[in-house]
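Convention: sequence-line order gives letters A, B, ...; per-chain numbering from 1. Computed from a predicted structure; not experimentally measured.
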2 protein chains.
Amino acid sequence: MTAKNDMSMRVQTLPGLREQVAERLRMAIATGRFPAGARLIERELCEMMGVSRTSLREALRELQADGLITLQPNRGLSVSVVSEKTARSIYEVRATLEGLAARLFARSATEEQIKALHESVDHLAQVYDNFSAEAFIAAKTRFYDILLEGAGNEVAAEMLRRIHTRVSQLRVVSLSSEERARQSIRELRDFVSALEDRDEQRAFDICVAHVQAAAKAAMKTISTRED
Amino acid sequence: MTAKNDMSMRVQTLPGLREQVAERLRMAIATGRFPAGARLIERELCEMMGVSRTSLREALRELQADGLITLQPNRGLSVSVVSEKTARSIYEVRATLEGLAARLFARSATEEQIKALHESVDHLAQVYDNFSAEAFIAAKTRFYDILLEGAGNEVAAEMLRRIHTRVSQLRVVSLSSEERARQSIRELRDFVSALEDRDEQRAFDICVAHVQAAAKAAMKTISTRED
DNA sequence: TACCGTATGTTGTATGTCAAAAAACAAGAG
DNA sequence: CTCTTGTTTTTTGACATACAACATACGGTA
């Protein structure tokens, strides 16, 4: 074996500028820093992030494909404002795909993955205490990454990751209610316990119920918002 | 009422150049004109389609988000080659989401939509006779558009449309088998009849079975391809 | 043959430019 | 004062070009 084929020293493939921009924009929307309906002006974003219009526009196309921002031709972009109907659609899809992931995880995850998932819920519970939107999203992302990795369906994973950003956006307001937060953690623990038992059906049921509960909480804040 | 508010004369909002490019590329991949694994060189594509690199690259980002093309940093793009595992994932997700759409359609589609769906299957059956990849894809797209519209979940619709392109890509080879084509039409007729009865569960079951059958056919050609 | 350096091709990013569309604004007619 | 019309400004859509970073191919040399 020559040194050339020794991958261990390979320098980490740094994310391209475009991806960084896309990621920062995603985060800005997920945390509510760019609120729903806000207009996004290319020139301003360029200055704000210190990149060229070329790179910025390519990044914007990604967010657009995710449904995170809306383009009105010749008028401009704005952060998508999620109607009640769309929100319901989002949660329907999320429940469906997350249910699939739950089944697959229960069926084929390794013991290590189950353990990792358990720990990530512990971590999530801690984050709830001294709260910050960023930390919360990071913790939840970790939980999902483990779940989706264990499920072993990369296509479903990709779709759920996208939806997840939109859900975060909705949750910014909705989950600040302490009640739902506690309950949510309980549901996740229950979920993990079903997975530890490899109980596919129970994991599925809990997962779907969990999403539906989250949907209910979110829908409440949305409908009040629209008054 | 002033003329200003009379929408009937509104000129049709023409699709931007970028979208046209994206659409043509999608089609080229779906029909196998750009086969899986083919390298895509930006300059060549620019010349081929007569657009600037700027526009082209933005279109490419869309296809990339759809998973249709794969980017290796600093190396270039190529048409995604679908592994057996990924193909399975695609069909799993498709079955899940299409099952959801079937349920929703059965639940809430209008009578007109059901009728339109029935007719689109008739049309699809005709297309099978004097076959062409383009005509087939167009007919199938029409069927899906009606189904997804009737289901009334725009988020699921968007995801299924994306997956659909990837499925077309797989099917290019797989569905040329006359057998499967005939059977497929029979399944669709059965599906529509369940919807006409508003039989949610039966529609769901047929839908999932249909996708699984399609998956089986596709997987066969994939595994032979990989020999 | 194996190695090394150079030439070439390709992507990633940045600039500058221009037309077309929309919005904001100003001016004039009723 | 209000409505309409004309003008300016802003913003997007698209293009051409440039150049650095990286990767591959090539060709010469040991």
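- Set against C:dT10, D:dA14, C:dG12, the side chain of B:Glu42 has C:dG12 as its closest nucleotide.
- A salt bridge links B:Arg61 with A:Glu58; the closest basic N to acidic carboxylate O contact falls under 4.0 Å.
- In this structure, CZ of B:Arg57 is placed 18 Å from P of D:dT17, rounded to the nearest angstrom.
- In this structure, A:Leu77 reaches neither bases nor backbone, as no heavy-atom distance under 4.0 Å exists between it and the strands shown.
- The environment of A:Glu158 atom CD is dense: over 12 non-hydrogen atoms of other residues, nucleotides or ligands sit within 6.0 angstrom.
- Between A:His210 and A:Phe191, a ring centre-to-centre spacing not shorter than 6.0 Å is recorded.
- Taking atom CZ on B:Arg18 and atom P on D:dT12, their separation rounds to 12 Å, with Å as the unit.
- Looking at heavy-atom distances under 4.0 Å, B:Thr54 makes contact with a base.
- Note on A:Arg43: only backbone sugar-phosphate atoms sit closer than 4.0 angstrom, heavy atoms only; bases stay farther off.
- A:Leu71 comes within 4.0 angstrom of sugar-phosphate atoms only, judged by non-hydrogen atoms across all strands, and of no base.
- Listed candidates were C:dT10, D:dA16, D:dG13. Nearest to the side chain of A:Asn74 is D:dG13.
- Checking the phosphate oxygens (OP1, OP2) of C:dA23, a side-chain nitrogen or oxygen of A:Arg75 falls inside 4.0 Å.
- Of the two residues contacting DNA chain D, namely B:Val51 and A:Leu40, the nearest-nucleotide position lying further toward the 5' end is that of A:Leu40.
- With A:Asn153 contributing its side chain and A:Val155 its backbone, the two residues share a donor-acceptor pair below 3.5 Å.
- Comparing D:dC15, D:dT12, C:dT13 by their closest approach to the side chain of B:Ser55 singles out D:dC15.
- Applying the 3.5 Å distance criterion, the base of C:dG12 shares a donor-acceptor pair with the side chain of B:Arg53.
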